[in-house]
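See below for the structure under consideration.
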Amino acid sequence: MAKRSIAERLAQLEAQRKTLQTKLSKQERAKDTRRKVLLGAFLLYRLEKGQDAFSKEELPDWLRRELPGFITREDDAALFVDLLGEPAATTRRSEKGSGAAQARPQA
């Protein structure tokens, strides 16, 4: 069996590193997605079943105030019609132009 050169071994190690980095990135994205799903499920549960004053009064008010500035796509806003009411298309466009949705964290 011929001995591989240092350059060949380095190339192989680099390929392995890239493969492992890809797997790590995929795992991190999956964890991030899972966290978002669980947090959303928790919020929806509190809105539907919460018995405390925060769940019944303050949480819905806070969501109606904050969520429209976070959602930038009309099809996403349509998913929250039950919480926010009908999205105003003209309002959404003007908010995009003003930079109101720029405070949204990058995921």
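A salt bridge (charged side-chain N to carboxylate O under 4.0 Å, His left out) check over residues 45-60, counting only residues at least two apart or in different chains, returns the pairs Arg46-Asp52.
For the pair Pro68 and Leu63, the tightest heavy-atom approach, listed with the atom from each and the gap, is CD-O, 3.7 Å. Residues Ser55 and Gly50 share a closest heavy-atom pair of CB-CA, 3.6 Å. Nearest heavy atom pair, residue Leu47 against residue Pro60, reads CD2-CG, 3.6 Å.
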>> Would Ile71 and Leu79 count as a side-chain contact (heavy atoms from CB on, under 4.5 Å) here? Give the steps.
In response: CA-CA 10 Å; Ile71 295 175; Leu79 296 171; over 6 Å; no
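Distance check, rounded to the nearest 0.5 Å: CG of Leu39 to CG of Leu44 gives 9.5 Å. Taking CG from Leu84 and CG from Leu67, the interatomic distance works out to 5.0 Å, rounded to the nearest 0.5 Å. Taken from CD in Gln12 to CD in Gln16, the straight-line distance is 5.0 Å, to the nearest 0.5 Å. Arg64 CZ to Leu59 CG: the interatomic distance, rounded to the nearest 0.5 Å, is 9.5 Å. The CD atom of Gln27 lies 9.5 Å from the CG atom of Leu20; values are rounded to the nearest 0.5 Å. Rounding to the nearest 0.5 Å gives a distance of 11.0 Å between CD of Glu28 and OG1 of Thr33.
Taking 4.5 Å as the limit, some side-chain heavy atom of Leu24 sits within range of a side-chain heavy atom of Gln21.
Formation of a donor-acceptor pair under 3.5 Å by the Thr19 side chain with backbone atoms of Ala15 is found in this model.
Taking hydrophobic clusters as Ile, Leu, Val, Met, Phe, Trp and Tyr residues chained together by side-chain heavy-atom distances below 4.5 Å, Tyr45 does not share a cluster with Phe80.
With salt bridges taken as basic N to acidic carboxylate O contacts below 4.0 Å, none links Arg29 and Asp32.
Crowding of Arg34 atom CZ: a count of heavy atoms from other residues, nucleotides or ligands under 6.0 Å not exceeding 12.
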